[in-house]
Structures are given as C-alpha cells and as structure tokens.
Amino acid sequence: MEIAHFLYHLKRDRLLLKANIMRAELLPIPGEEKTDNYIFKTASKKEYDEAIKIYHKYCGVGVPWLIKLWNKEFERLCYIVKDEKAKIAGLAFFMFNEAEFDANIVHELVIVIDESYRGQGLSTKLQRYCVKSLKQSTYAYISTCVGFNDIKALRSCQKAGFYILKQSAKPPSHYLICKLKAL
C-alpha cells in the first residue's frame, strides 16, 4: 500500500512539474526597474542560487517538484529586489496552482523580505513590479494566499492591487486576486 501511495505522488508531482513548466514558458522575462536605491528584476542563475538560500532560510526545505520548477524556470518565476550593493533584499516565487489551471491565473506562492530590509515597503514595491511585469503575459490574474493573522502581508497585497476573493480552509487564509487584464 505504501509503495502504491508513493508511486501515485511521484507520478502526480511529475505531471504538476510538466504542467507548470509548460505554463511558465508563456511568461515574459521582464526588464529590470531601478527605484529608490533598489533594482527589481527576475533572477539570473547566480541570483537564483542566492534567492533559493534565502527562501530556505525563511520557508524551510520546500516541495521538491517546486524546487525543480524554480531551478528550471527561475528567469520567469523568481522575482527579486536588490540593494545598491547588489545584495538580494527580497524575493517572490511564482507557480501555477492545479486548481487554477483553467482560470488563466499565475499564483504568487511566497514573498520574502530579508529581516534587515523590512519596514521599508519593499514587499509592496516588489509585488507592484511583479504585477506590472505580469501584465505583459497572457495571464488574466495573479492569486495569492495570506494567513488570517498576517495583517501586514494582507495590507501589502491590497496596496499592490490585490483584493480578497474568498476565504480558504487549507491553509486557513484569505485568498486574494489581482486582475492583470481587462476582461
């Protein structure tokens, strides 16, 4: 029974990885934007290697198929903000949620601002850059989830153009969406 369960998840993870790669390849690689002593851009390979370390520091090991996805599609799914010394101050990782495949949505899985850079509005600025960049894609929406008790993250998302669409039970959170295209 355990082997069958393992094989089921292995097959499912491969299908999710393949479906995510296919969708990611439709995303543009945006140009960088310089503001307020910061540079907003998608990651190069070297920057991705640094960003994934920051992700692991704040988020733990992560889901293996997502790490494989980001290793392959970092230029399209890993957005970063760097300071004037070229140090990564924050990152946002995207993916495509299986439940949203038919809805033309790209999902912001996580946004992390390094502790030493918090309190400067970088989360909101990074999200605004992501929204602006993803408006060049064929996708109609960005979705994300914010825990019920994370008021700062909720306000940051709202400032970047997200609104609460519904409540999610797993994980218990607000499900937010940001419109990219006029429908």
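Everything numeric here is computed off the predicted structure, so don't read it as measured data.
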Taking the side chain as everything from C-beta on, heavy atoms only, tell me whether [X] gets closer than 4.5 Å to [Y].
X	Y	result
Pro30	Tyr129	yes
Ser133	Phe40	no
Leu16	Lys18	no
Ile80	Tyr48	no
Ile67	Ile52	yes
Tyr141	Leu180	no
Leu69	Ile21	yes

Between atom [atom1] of [X] and atom [atom2] of [Y], what is the distance when rounded to the nearest 0.5 Å?
X	Y	atom1	atom2	value
Lys125	Ile113	NZ	CD1	10.5 Å
Glu47	Cys78	CD	SG	8.5 Å
Cys145	Ile177	SG	CD1	10.5 Å
Leu176	Gln158	CG	CD	6.5 Å
Ile142	Leu134	CD1	CG	4.5 Å
Cys157	Ile111	SG	CD1	7.5 Å

Please determine whether residues [X] and [Y] belong to a single hydrophobic cluster, defined as Ile, Leu, Val, Met, Phe, Trp and Tyr linked transitively by side-chain heavy-atom distances below 4.5 Å.
X	Y	answer
Leu15	Leu17	no
Leu154	Val131	yes
Ile39	Leu91	no

Checking the side chain of [X] only, and the main-chain atoms of [Y] only, is there a donor and an acceptor separated by less than 3.5 Å?
X	Y	answer
Tyr58	Glu115	yes
Asp114	Ile88	no
Arg155	Ile151	no
Trp65	Leu10	no
Thr144	Glu108	yes
Ser156	Thr124	yes
Arg128	Lys159	yes

**Message:** Pairing donors with acceptors under 3.5 angstrom, does anything connect the side chains of Gln120 and Tyr38?
**Reply:**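 The answer is yes; a qualifying pair exists.
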
**Request:** Decide yes or no on side chain to side chain contact (heavy atoms under 4.5 Å, CB included) for Leu27 and Glu75, but give the supporting numbers first.
**Result:** CA-CA 9 Å; Leu27 292 172; Glu75 289 180 308; over 6 Å; no

**Check: Phe96 ring centre within less than 6.0 Å of Tyr139 ring centre** =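 Yes, ring centres under 6.0 Å apart.
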
Over all atoms of both residues, closest heavy-atom pair of [X] and [Y]:
X	Y	value
His56	Val61	CE1-O, 2.9 Å
Tyr55	Gly62	OH-CA, 3.7 Å
Met95	Leu109	SD-CD1, 3.9 Å
Lys41	Ser44	NZ-N, 4.1 Å
Lys87	Tyr117	CD-OH, 3.6 Å
Ala24	Glu73	CB-CG, 3.8 Å

**Item:** Salt bridge Lys53-Asp49, side-chain N to carboxylate O under 4.0 Å
**Value:**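 Here Lys53 does not pair with Asp49 in a salt bridge, since their nearest N and O are not under 4.0 Å apart.
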
**Item:** Under-4.0 Å salt bridge between Arg12 and Glu98
**Value:**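 Salt bridge present between Arg12 and Glu98.
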
**Item:** His174 and Phe148 aromatic ring geometry - parallel, tilted or perpendicular at 30°/60° bounds
**Value:**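 Perpendicular, since the angle between the ring planes exceeds 60°.
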
**Message:** Can you confirm whether more than 12 heavy atoms, excluding those of Arg118, are under 6.0 Å from its CZ atom?
**Reply:**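 Buried by this count: over 12 neighbours within 6.0 Å.
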
**Prompt:** With a cut-off of 6.0 Å (strictly less than), are more than 12 heavy atoms of other residues, nucleotides or ligands near NZ of Lys45?
**Reply:**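 Yes, the 6.0 Å shell around NZ holds more than 12 heavy atoms from other groups.
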
**Item:** Criterion side chain to side chain contact (heavy atoms under 4.5 Å, CB included) on Val112 and Cys59, from CA distance to verdict
**Value:** CA-CA 9 Å; Val112 174; Cys59 303; 3.8 Å; yes

